[in-house]
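I have placed the structure first, in the form of structure tokens, so that the comments after it can refer back to it.
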2 protein chains.
Amino acid sequence: MEDEVDRLVAAWRRERPDLDVEPLEVLSRVSRLARHLDRARRLAFAEVGLEPWEFDVLTALRRAGAPYQLSPGALLTQTLVTSGTMTNRIDRLAKKELVERLPDPSDRRGVLVRLTANGRDKADESLAGLLTQERAILAELSRAQRHELAGLLRRLTGPFDNVPS
Amino acid sequence: MEDEVDRLVAAWRRERPDLDVEPLEVLSRVSRLARHLDRARRLAFAEVGLEPWEFDVLTALRRAGAPYQLSPGALLTQTLVTSGTMTNRIDRLAKKELVERLPDPSDRRGVLVRLTANGRDKADESLAGLLTQERAILAELSRAQRHELAGLLRRLTGPFDNVPS
DNA sequence: AAAATATATCTCGACGTCGAGATACTTGCC
DNA sequence: GGCAAGTATCTCGACGTCGAGATATATTTT
């Protein structure tokens, strides 16, 4: 099946036959697919009354395991947002009583963000919904193909996730 | 090489062994990689004095071929933003004299957005820079692997790009 | 040919993100 | 111990996006 990137690449080959646009075959698809996924996730989470950004924060805490707490800094590296954004997110989640802020006992500069019981329920509930939706999207591929795809993507994300930047 | 998604998946398997989180192996990597790419692109374009969103619009017009014009609606489907956003983008690009708005002669509701000579130069210049950067990221993979990866991604983007939604 | 429906674009207020700088505490070095 | 450099978080103004509604024109229906 042809997609928008096939059309995009064909257009470049016509307009700029001097350039090798092969990299776009992979990376433009990644960007566009991510955008489609954002939209789809927004719809799925609306049923649970959550925004995608709320899901990202709540599930990062949920994954940490009991007592479901992390520093804002740890949340930054997991969610790939800036510090100002995270402060704002925590404020809003605290106002909805899905998380609470505690002083870090081992570092007085620091803070710990902890999931409330309510927040934990939301996290569990929304994860199940997300997985159902993602399974439908991935039904296009066989199990072996999904594994292959995951492996190839890991080679690209690895360098980003492992530099200190 | 392990990445953040490997850690994420391992954490879920520990916390929620009852759930099958295999879909995350693919789709979380897509979302995270897209976010890394956004950041990298922002840096690359800054050298040319462009924002990523400006690149997206200018190159869509450039690809259309002479006379380098498209309707706002056509730009919407290519860039995956909403109509209000596109109006705003065109306004700002017009103020910088990279594009101009013309009435559509065949539909008086419509408008055509056309690249100026200046805008065309910017588009060409920034595309070359982007490709250089993307080639570096993709150097992790062999030519055959890149082709394989592009093919698998196409199976996922195809359904999104071909529904009338 | 009038009415109803559909389409293309724009308007505008609400919202989330960014990012540079500020603050407060900690760590390493002399 | 005291000072310099480093680190964690927060503050806040600027900016871009969203999305529902408004407007104008096209197309279809009766």
Side-chain angles (χ1 to χ4, degrees), chain A residues 31 34-36 38-43 45-46 49-58 60 69-96 98-114 164-165, chain B residues 31 34-36 38-43 45-46 49-58 60 69-96 98-114 164-165:
Chain A
S31 293
R35 212 138 161 78
H36 286 304
D38 271 352
R39 291 181 167 188
R41 291 204 312 162
R42 187 175 307 274
L43 288 177
F45 291 142
L50 278 186
E51 298 293 322
W53 65 263
E54 296 179 297
F55 173 88
D56 288 341
V57 177
L58 296 179
Q69 60 188 24
L70 288 173
S71 68
L75 288 170
L76 288 191
T77 68
Q78 294 207 32
T79 56
L80 298 178
V81 297
T82 61
S83 65
T85 299
M86 188 52 69
T87 299
N88 185 20
R89 288 184 174 188
I90 297 167
D91 286 348
R92 283 174 282 155
L93 288 171
K95 202 166 297 173
K96 290 177 74 173
L98 298 173
V99 307
E100 56 191 344
R101 269 198 186 85
L102 308 169
D104 182 337
S106 67
D107 183 339
R108 271 184 295 187
R109 290 169 307 181
V111 161
L112 290 174
V113 181
R114 173 143 59 180
S165 90
Chain B
S31 293
R35 212 139 160 77
H36 287 303
D38 271 351
R39 291 182 166 187
R41 291 205 311 162
R42 187 174 307 275
L43 288 177
F45 292 143
L50 276 186
E51 297 295 320
W53 65 262
E54 297 179 295
F55 173 87
D56 288 341
V57 177
L58 296 179
Q69 61 188 25
L70 288 172
S71 68
L75 288 170
L76 288 190
T77 68
Q78 293 207 33
T79 57
L80 298 177
V81 296
T82 60
S83 65
T85 298
M86 187 52 69
T87 298
N88 186 19
R89 288 183 174 188
I90 296 167
D91 286 348
R92 284 174 283 154
L93 288 171
K95 201 166 299 172
K96 291 177 72 173
L98 298 172
V99 306
E100 56 191 342
R101 267 197 186 85
L102 309 170
D104 182 337
S106 68
D107 183 340
R108 271 185 297 185
R109 292 169 305 182
V111 160
L112 291 174
V113 181
R114 171 144 60 180
S165 90

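Just so we're on the same page: letters track the sequence lines, and every chain starts at 1. Below, all heavy atoms of this structure are taken into account, side chains as well, without hydrogens, waters or symmetry copies. What you see is a predicted model; the values in this text were computed from it and never measured.
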Taking the side chain as everything from C-beta on, heavy atoms only, tell me whether Leu70(A) gets closer than 4.5 Å to Val113(A).
no
For Asn88(A), check side chain to side chain contact (heavy atoms under 4.5 Å, CB included) against everything at least two apart and list the hits.
Arg92(A)
List in chain and number order the residues that pass side chain to side chain contact (heavy atoms under 4.5 Å, CB included) with Ala40(B), two or more places apart in sequence or in another chain; answer none if no residue qualifies.
Gln133(B)
Nucleic acid contacts of residues 81-89 of chain B, taken as heavy-atom distances under 4.0 Å to DNA chain D
Val81(B), Thr82(B), Gly84(B), Thr85(B), Asn88(B), Arg89(B)
I want to confirm an ordering. Mapping Arg108(B) and Trp53(B) to their closest nucleotides on DNA chain D, which one lands closer to the 5' end?
Trp53(B)
Would you say the side chain of Pro72(A) lies within less than 4.5 Å of the side chain of Ile90(A), judging by non-hydrogen atoms?
yes
Is there side-chain contact between Asp56(B) and Arg41(B), with at least one heavy-atom pair below 4.5 Å?
yes
Taking distance alone, no hydrogens or angles, what donor-acceptor pairs closer than 3.5 Å link side-chain atoms of residues 76-84 of chain A to residues at least two apart or in another chain?
unit_1	atom_1	unit_2	atom_2	d
Thr77(A)	OG1	Ala74(A)	O	3.1
Gln78(A)	OE1	Arg63(A)	NH2	2.6
Thr79(A)	OG1	Leu75(A)	O	2.7
Thr82(A)	OG1	Thr85(A)	OG1	3.2

Axis-to-axis angle for the helix from dA1(C)-dT30(D) to dC30(C)-dG1(D), ends of five pairs each, to 10°, equals 30°
Most 5' of Leu80(B) and Ser106(B) on DNA chain D, judged by nearest nucleotide
Leu80(B)
Quick one: Arg101(B) CZ to dT9(C) C1', roughly how many Å, whole number?
9 Å
Asp91(B) and Arg101(B) ion-paired at < 4.0 Å
yes
With heavy-atom distances below 4.5 Å as the criterion, would you say the side chains of Met86(B) and Val57(B) are in contact?
yes
Under a 4.5 Å cut-off applied to non-hydrogen side-chain atoms, are Leu50(B) and Leu58(B) in contact?
yes
Comparing nearest nucleotides in DNA chain C, the 5'-proximal residue of the pair Ser71(B), Arg109(A) is Ser71(B)
Are Arg35(B) and Asp38(A) ion-paired here, with the side-chain N under 4.0 Å from a carboxylate O?
no
Earliest and latest nucleotide of DNA chain D, 5' to 3', sitting under 4.0 Å from a non-hydrogen atom of chain A?
dG6(D) to dG19(D)
